[in-house]
Amino acid sequence: MHMQTLFKMLLKNHHPQGWWPIAGKYHPRDYSCPRNQQQREEIIIGAILTQNTSWKNVEKALEQLRKNKLLSFSALLKCPKSTLATCIRSSGYFNQKAIKLKEIASFFKRNPYFRMLSLEKQREKLLHVHGIGPETADSILLYAFRRPIFVVDAYTKRLFALHGFKEKTYDEIQQRCMRELPHDFKVYNEFHALIVAWGKTQRLNNRKGRKRV
DNA sequence: AGCCAGGCTACCG
DNA sequence: CGGTAGCATGGC
């Protein structure tokens, strides 16, 4: 099956998702976010907090950060690690994530001209930051910087396997998606978000259908 | 009561 | 290279 077909099937079964959520709000068909540096930082912080964690738990952590005026890189850098860990408790792995948040904040402080770099260079530099792997790096590039790069996650791998595609690894799947879809950040934005929407319903269905004693 | 979430690092064979 | 323990909370 062609990737376009898969995309259209997802669009038929789900509404446009309006990623990345800002302050808990989705904005379907509006791809103009982030509108400012503060929103960009919120996206990046969320991208780290959501590593192997449900978005519900991340939202609570983001609210705590917002309430404590910690939802920005400059504030994160000044904040004691233990305070930070307490705020993001609900997102799990809070000690690790407290370190990661400080790492990424420090990275962007040391790289004020990040936006001027080529996409390849940006990705390479992000991957060298402790706590930033391929999915988080690509999420940051796609959703915080509107760069045309496709994000692969656990759901994407499941979807590919389900359709019998031969691509297995992160890079293989990413390359195929980018080869077969327009090189447009809006397309990659919606496609990834739709796959997550699909993945969530998939999980719900599995639960309902599960045999219980 | 488990299993799992919008992963990553470190370490193993 | 591929595989996996550890990290940790909260929803269902």
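Each chain gets a letter, A, B and so on, in the order its sequence line appears, and its residues count up from 1. All values derive from a computational prediction rather than experimental measurement. As a basis for the values below, the full set of heavy atoms in this structure was taken, side chains included, without hydrogen atoms, waters or symmetry mates.
Comparing dG7(B), dA8(C), dG10(C) by their nearest atom to the side chain of Lys100(A) picks out dG7(B). Residue Arg158(A) places its side chain closer to dA5(B) than to any other of dG6(B), dA5(B), dG7(B). When distances are taken from the side chain of Lys60(A) to each of dG10(C), dG7(B), dG6(B), the shortest belongs to dG10(C). The listed nucleotides are dC7(C), dG6(B), dG7(B); the one nearest the side chain of Lys200(A) is dG6(B). Taking every side-chain heavy atom of Asn52(A) into account, dA5(B) is the closest of dT9(C), dA5(B), dC8(B). Closest approach to the His130(A) side chain among dG6(B), dC8(B), dT9(B) is made by dT9(B) (side chain taken as heavy atoms from C-beta onward). Among the nucleotides dC4(B), dT9(C), dG7(B), the one closest to the side chain of Phe94(A) is dT9(C). Taking every side-chain heavy atom of Ser90(A) into account, dG10(C) is the closest of dG7(B), dA5(B), dG10(C). Closest to the side chain of Trp19(A), from the set dG6(B), dG11(C), dG7(B), is dG6(B).
Heavy atoms of His192(A) sit nowhere under 4.0 angstrom from any nucleic acid atom. Within the 4.0 angstrom heavy-atom criterion, only backbone atoms of the sugar-phosphate kind lie near Val129(A); the bases stay farther away. At the heavy-atom level, Ile48(A) lies nowhere under 4.0 Å from the strands shown. Heavy atoms of Tyr26(A) sit under 4.0 angstrom from at least one base atom.
The cationic group of Arg40(A) lies under 6.0 Å from the six-membered ring centre of Phe145(A) and within 45° of the ring axis, placing it in a cation-pi geometry.
Residues Gly131(A) and Val196(A) each lie close to DNA chain B; by heavy-atom proximity, the contact nearer the 5' end of the strand is made by Val196(A). Along DNA chain C, the nucleotide closest to Thr53(A) and the one closest to Lys56(A) are compared, and the more 5′ of them pairs with Thr53(A).
Stacking between Tyr155(A) and dG6(B) is absent: the ring centroid is not both under 5.5 Å from the six-membered base ring centre and under 30° in plane angle.
Taking atom P on both dC7(C) and dA1(B), the two are 25 Å apart, rounded to the nearest angstrom. On the P atoms, dG10(C) is 23 Å away from dC8(B), given to the nearest whole Å.
With respect to Lys168(A) and Glu172(A), no salt bridge is recorded, no charged nitrogen being found less than 4.0 Å from a carboxylate O. Here Glu42(A) pairs with Arg66(A) in a salt bridge; the nearest charged N to carboxylate O distance falls below 4.0 Å.
When atom types are taken as modelled, the side chain of Gln17(A) and the backbone of His15(A) share a donor-acceptor pair closer than 3.5 angstrom.
Between Tyr93(A) atom OH and dG6(B) atom P the separation is 12 Å, expressed in whole Å. Atom CH2 in Trp55(A) sits about 12 Å away from atom P in dG7(B), given to the nearest Å. The CD-P distance, from Gln202(A) to dC12(C), rounds to 18 Å in whole Å. The CG-P distance, from Asn95(A) to dA10(B), rounds to 16 Å in whole Å. Rounded to an integer number of Å, the gap from NE2 of His14(A) to P of dG6(B) is 14 Å.
Side-chain contact check for Tyr155(A) versus Gln202(A): every heavy-atom pair is 4.5 Å or farther apart.
Under the 4.5 Å side-chain contact rule for hydrophobic residues, Ile104(A) and Leu77(A) do not share a cluster.
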